[in-house]
Amino acid sequence: QVQLVESGGGLVQSGDSLSLSCAASGSIFRVISMGWYRQAPGKERELVATSNSGAINYADSVKGRFTISRDNAMNTVYLQMSSLKPEDTAVYYCNAYIYSSSSAWSAYWGQGTQVTVSS
């Protein structure tokens with residue numbers, strides 16, 4: 001019953017900033033980790049950034065430009081993107097590992113939100 005709802009995608013110009021958000025809802029017992037992945041046309045889905053119990057990991061391609069943050073009380077993860085480049089164009093997916101009960105956990109994915117950066 002867990003669902004991830006993303007928002008914030010859009011069309012921007014190179015060098016602009018954009019913020020994404022993802023809120024998990026439903027039968028949540030405990031959130032283990034949350035993060036962002038992206039999939040560009042013709043490419044496989046790749047990790048952008050993850051937040052796991054205080055440990056933050058960024059892809060080299062976005063390090064220094066993107067910032068991931070979490071509101072644990074609200075089961076929400078954010079991605080602040082700055083200095084956007086055309087190569088950042090992709091569908092961005094929210095990902096979370098969540099315990100739906102005290103004994104069951106699973107990975108969940110959002111529906112994806114399109115980010116397009118024009119040159």
Side-chain angles (χ1 to χ4, degrees):
Q1 297 181 19
V2 175
Q3 293 186 346
L4 273 56
V5 179
E6 302 156 322
S7 63
L11 173 63
V12 298
Q13 292 185 320
S14 180
D16 284 355
S17 298
L18 194 65
S19 295
L20 307 180
S21 65
C22 171
S25 62
S27 300
I28 299 174
F29 181 78
R30 182 169 66 89
V31 176
I32 301 171
S33 65
M34 300 188 79
W36 293 92
Y37 291 71
R38 68 186 182 186
Q39 186 168 15
K43 296 184 178 181
E44 295 186 350
R45 192 172 301 183
E46 65 176 353
L47 181 147
V48 177
T50 60
S51 177
N52 184 1
S53 298
I56 298 175
N57 183 45
Y58 294 99
D60 289 340
S61 60
V62 307
K63 193 172 300 182
R65 299 187 298 118
F66 291 10
T67 301
I68 187 172
S69 60
R70 286 175 60 182
D71 184 339
N72 293 328
M74 299 299 293
N75 297 320
T76 302
V77 64
Y78 305 91
L79 186 68
Q80 175 64 49
M81 304 180 290
S82 62
S83 301
L84 283 163
K85 307 173 181 179
E87 63 196 77
D88 295 318
T89 295
V91 177
Y92 284 70
Y93 296 91
C94 177
N95 168 260
Y97 287 84
I98 297 173
Y99 270 93
S100 57
S101 70
S102 61
S103 60
W105 65 269
S106 184
Y108 297 89
W109 292 92
Q111 78 284 357
T113 183
Q114 177 70 47
V115 173
T116 302
V117 185
S118 63
S119 59

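At a threshold of 4.5 Å between non-hydrogen side-chain atoms, the residues Arg38 and Val115 do not count as touching. The side-chain heavy atoms of Tyr78 and Asp71, taken from C-beta on, include a pair separated by under 4.5 Å. In this structure, the side chains of Asp16 and Val117 stay at 4.5 Å or more apart for every pair of heavy atoms. The closest side-chain heavy-atom distance from Cys94 to Val77 is below 4.5 Å. Side-chain contact between Gln13 and Ser118 is present, with at least one heavy-atom pair separated by less than 4.5 Å.
Placement of Tyr93 and Leu20 in two distinct hydrophobic clusters is found when ILVMFWY residues are connected by side-chain heavy-atom separations under 4.5 Å, directly or transitively.
When all heavy atoms of Ser51 and Ile56 are compared, the closest pair comes out as OG-CG1, 4.3 Å. The two atoms that bring Gln111 and Val5 nearest to each other are OE1-CA, 4.0 Å, heavy atoms only. Residues Leu18 and Gly10 share a closest heavy-atom pair of CD2-N, 3.9 Å. Taking all atoms of both residues into account, the shortest heavy-atom contact from Ile98 to Ala24 is CD1-CB, 4.0 Å. Contact record, Ala40 with Thr89: CB-O, 3.6 Å, taken as the closest heavy-atom pair. The nearest pair of heavy atoms linking Ile32 to Arg70 is O-NH1, 4.0 Å.
Looking at Tyr37, its side chain never comes within 3.5 Å of a backbone N or O of Trp109 through a donor-acceptor pair. Checking side-chain atoms of Thr113 against main-chain N and O of Gly9 turns up a donor-acceptor pair under 3.5 Å. Between the side chain of Ser14 and the backbone N or O of Lys85 there is no donor-acceptor pair closer than 3.5 Å. In this structure, Glu6 contributes its side chain and Gly112 its backbone to a donor-acceptor pair below 3.5 Å.
The environment of Tyr58 atom OH is dense: over 12 non-hydrogen atoms of other residues, nucleotides or ligands sit within 6.0 angstrom. No more than 12 heavy-atom neighbours from other residues, nucleotides or ligands sit within 6.0 angstrom of CD on Gln3.
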Quiz item: Can you list the steps and then say if Ser21 with Ser7 is a side-chain hydrogen bond (donor to acceptor under 3.5 Å, both in side chains)?
Solution: CA-CA 5 Å; Ser21 65; Ser7 63; 2.8 Å; yes
Practice problem: Please report the C-alpha distance between Val31 and Asn72 in whole Å, then the side-chain angles of each, then the deciding distance to 0.1 Å, and finally whether the side-chain contact (heavy atoms from CB on, under 4.5 Å) criterion is met. | Solution: CA-CA 8 Å; Val31 176; Asn72 293 328; over 6 Å; no
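In this structure, Phe29 and Tyr99 have perpendicular ring planes: the angle between them is above 60°, well past the 30° mark. Tyr92 and Phe66 have tilted rings, their planes meeting at an angle from 30° to 60° on a 0 to 90° scale.
Side-chain contact check for Gln80 and Thr67: no donor-acceptor pair (N or O, by modelled atom type) lies under 3.5 Å.
Atom CE of residue Met34 and atom OH of residue Tyr108 lie 12.0 Å apart, to the nearest 0.5 angstrom.
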